[in-house]
Amino acid sequence: MANYKTLHHWDVTPEEAIKIQNKLRSLVKIEALQGEIRYIAGADVSFDKGSNIVYAGVVVLKFPELEEVDRSLLITEVNFPYIPGLLSFRESPALIKAWEKIKIEPDVVIIDGQGIAHPRRFGIASHFGVLIDKPTIGCAKSLLVGKYEEPSPKAGNYSYLYDSGEIIGAVLRTRDEVQPVFVSIGHKITLESSIKIVLSTIRGYRIPEPTRQAHILVNALRRGEIKPGTKTKPEQDSLFSF
DNA sequence: GCGACAG
DNA sequence: ATCTTGTCGC
């Protein structure tokens, strides 16, 4: 069971949530990733239209093969609304619950959302990273804050995202002629490394495999196509049964 | 006051 | 995020 830190309550008002972000932002560490990557995970959540039921999931893939080795899926409830800048308070509680059931701990986690490319430099990828104390990368599909110049149309090209004079992330083209993604430091990693890792997990789609797989799974869960719980590699048939 | 605004 | 069919383009 993967562990995590309980640094604050989740049952807070938007005003209190902002205070928590301003207090915890100093805990984000920007450093070189230690050791090689053996496993990489993706985390995401899905919702029904106007419901407060959330379907969360964490998927662990072997790196660089990107074959699934572990997963944690669960259905729970949320009350905090979606407010730009406070996404973490709506999705992280469910992601933490899924995270604690993971058995194969990844060396890095990619989250669907911003890392420090956030008004208070504490987007969901940074928040989640600080809580699980693991390297995390924020990979969002659209802009939250900052300015940038359109990166060249070919895969692999990128430009920097700026806000109040500082680089807060990168606008990365993961496929030719396709809308770029917004990559930013989550926790315990550098932007350069984040960009390389995201590119190394692209397999023909705009979204990196970890979060793409997580997204596919939580949607299947929401549609009732698969069940909650954890699962690892296909059960190996006993050598003595036939 | 007006516009922007991750999922 | 989710609601949804066809359609344009490589």
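Chain naming here is simple, since letters A, B, ... match the order of the sequence lines and numbering starts at 1 in each.
- In this structure, A:A214 and A:G57 approach most closely via the heavy-atom pair CB-O, 4.4 Å.
- Here C:dT2 presents its P atom at 9 Å from CG of A:D48, a figure rounded to the nearest Å.
- Distance, A:I185 CD1 to B:dA6 C1': 17 Å, rounded to whole Å.
- In this model, the phosphate group of B:dG7 is approached by a side-chain N or O of A:K141 to a distance below 4.0 Å at OP1 or OP2.
- As a whole-Å value, the separation of A:L143 CG from B:dA4 C1' is 9 Å.
- Comparing C:dT2, B:dC5, B:dG7 by their nearest atom to the side chain of A:L144 picks out B:dC5.
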Item to check | A:R206/A:T174 under side chain to side chain donor-acceptor pair (under 3.5 Å): CA gap, chis, key distance, verdict | outcome: CA-CA 5 Å; A:R206 177 198 178 208; A:T174 55; 5.5 Å; no
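- Atom CG of A:N79 is separated from atom C1' of C:dA1 by 17 Å (rounded to the nearest Å).
- You'll find the ring centres of A:F80 and A:Y82 outside the 6.0 Å limit.
- Across the protein-nucleic acid pair, A:L161 atom CG and B:dA6 atom P stand 13 Å apart, rounded to whole Å.
- Straight-line distance from the CG atom of A:D44 to the C1' atom of B:dA6: 12 Å, rounded to whole Å.
- Of the listed nucleotides (C:dC3, B:dC5, C:dA1), C:dA1 has the atom at the smallest distance from the side chain of A:F47.
- Of all heavy-atom pairs spanning A:D176 and A:A155, the tightest one is OD1-N, 2.8 Å.
- Considering only side-chain N and O atoms, A:N219 lies nowhere under 4.0 angstrom from the phosphate OP1 or OP2 of C:dA1.
- B:dA4 atom P lies 18 Å from atom CD of A:Q114, rounded to whole Å.
- Put simply, A:S142 has no side-chain N or O that comes within less than 4.0 Å of OP1 or OP2 on B:dC5.
- Among the protein residues, A:G85 comes within range of the nucleic acid bases, having at least one heavy atom under 4.0 Å from a base atom.
- The phosphate of C:dC3 (OP1 or OP2) has a side-chain N or O of A:R222 nearer than 4.0 angstrom.
- Judged by centroid separation below 5.5 Å and plane tilt below 30°, A:F182 does not stack onto the base of B:dA6.
- In this structure, of C:dA1, B:dA6, B:dG7, it is C:dA1 that holds the atom nearest to the side chain of A:S46.
- Two rings, from A:F89 and A:H127, have their centers less than 6.0 Å apart.
- Counting any heavy atom pair closer than 4.0 Å across all strands shown, A:L86 reaches a base atom.
- Between the OH atom of A:Y82 and the C1' atom of B:dC5 there is a distance of 6 Å, given to the nearest Å.
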